[in-house]
Amino acid sequence: MSAAVARSGRFYTAARRHPWVLGKVADWKIPLGPYTPAQIAVALGGGFALFKSIALWSWMGPVPVVAWVLAIWAVRRPKVRGRTPLQAALGWMLLAWQPAGGRLGGRAARDRAARPFLGGFTVEGAPAPTRVRSPSRTTPGAAGRPASPRRTVAAASVCLPVGPASQVQQLLALAGQSGGAR
């Protein structure tokens, strides 16, 4: 042989080959079966409802019984978005059961309870500013007579605080008093 033949193998689980059904054992199966869990649920629930309400539908003859058998047949392989009816119903039930805010760490996520914000602040009075004015000067007029006194210079009448307000201003004041080198 000049070339080796490649072998391939496939494995299938029993669940993929045979869907979950009731009523099949080896080669034997229930007549008209096997039945899915949805069919069994419809058969039991519908049979109980028909038995309890026989006085209401007995005048219709076999019509309700035929409708019940057709309902059992109709749910043999139904799919709701790719899932069986029982799984879909369970999913909807679990969705309705979930808390509105979702879950965090397995617990219902809730907003924290409202608490009053207790805090305060103090407003301290600022030191009163002092005004520094420059002396008024007179200038001789054109004819040699004194002119009216001028107003103080606006820049000279700026209000200065009594002491330095911030720590940087305090450091600058200390440097100015000690004649710090520039």
Side-chain angles (χ1 to χ4, degrees), residues 1-127 129 159 161 163-172:
M1 292 198 155
S2 60
V5 178
R7 293 184 186 185
S8 64
R10 293 190 175 113
F11 297 92
Y12 297 99
T13 62
R16 289 186 185 208
R17 283 182 287 172
H18 302 290
W20 187 50
V21 292
L22 301 171
K24 182 176 182 179
V25 177
D27 290 335
W28 180 83
K29 61 182 181 175
I30 295 176
L32 302 174
Y35 300 105
T36 63
Q39 285 178 303
I40 292 173
V42 168
L44 293 177
F48 181 76
L50 284 175
F51 181 74
K52 287 295 185 178
S53 65
I54 196 165
L56 297 174
W57 60 266
S58 61
W59 63 271
M60 289 190 267
V63 173
V65 176
V66 171
W68 173 54
V69 170
L70 287 175
I72 293 171
W73 176 81
V75 296
R76 72 188 185 284
R77 288 188 192 149
K79 296 287 182 184
V80 178
R81 291 191 178 177
R83 300 187 323 180
T84 63
L86 291 178
Q87 289 175 340
L90 179 66
W92 283 107
M93 185 181 71
L94 291 176
L95 178 66
W97 194 330
Q98 291 294 321
R103 293 190 178 275
L104 286 174
R107 293 181 162 176
R110 302 185 196 275
D111 290 333
R112 294 182 186 231
R115 293 181 286 161
F117 180 69
L118 301 175
F121 58 91
T122 305
V123 178
E124 296 179 357
C159 296
S166 69
Q167 292 179 350
V168 174
Q169 290 174 341
Q170 290 174 0
L171 288 173
L172 288 173

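The basis for the numbers below is simple: all heavy atoms, side chains too, and nothing from hydrogens, waters or symmetry mates.
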Inset, instruction - Please examine the side chains of Val65 and Trp57, heavy atoms only from C-beta on, and report whether any two atoms are closer than 4.5 Å. - result: yes

Legend entry - Nearest heavy-atom neighbours spanning Ser53 and Ala49: OG-O, 2.7 Å

Legend entry - Closest non-hydrogen atom pair between Val63 and Met60, with its separation: CG2-O, 3.6 Å

Inset, instruction - Step through the shown structure and confirm whether more than 12 heavy atoms of other residues, nucleotides or ligands are within 6.0 Å of CD on Gln98. - result: yes

Legend entry - Distance (rounded to the nearest 0.5 Å) between Leu90 CG and Met93 CE: 5.0 Å

Legend entry - Nearest atoms (heavy-atom pairs only) where Ala109 meets Gly101: CB-O, 3.8 Å

Legend entry - Donor-acceptor contact below 3.5 Å, side chain Gln39 vs main chain Val75: no

Legend entry - Trp92 atom CH2, neighbour heavy-atom count above 12 within 6.0 Å: no

Legend entry - More than 12 heavy atoms of other groups within 6.0 Å of Arg103 CZ: yes

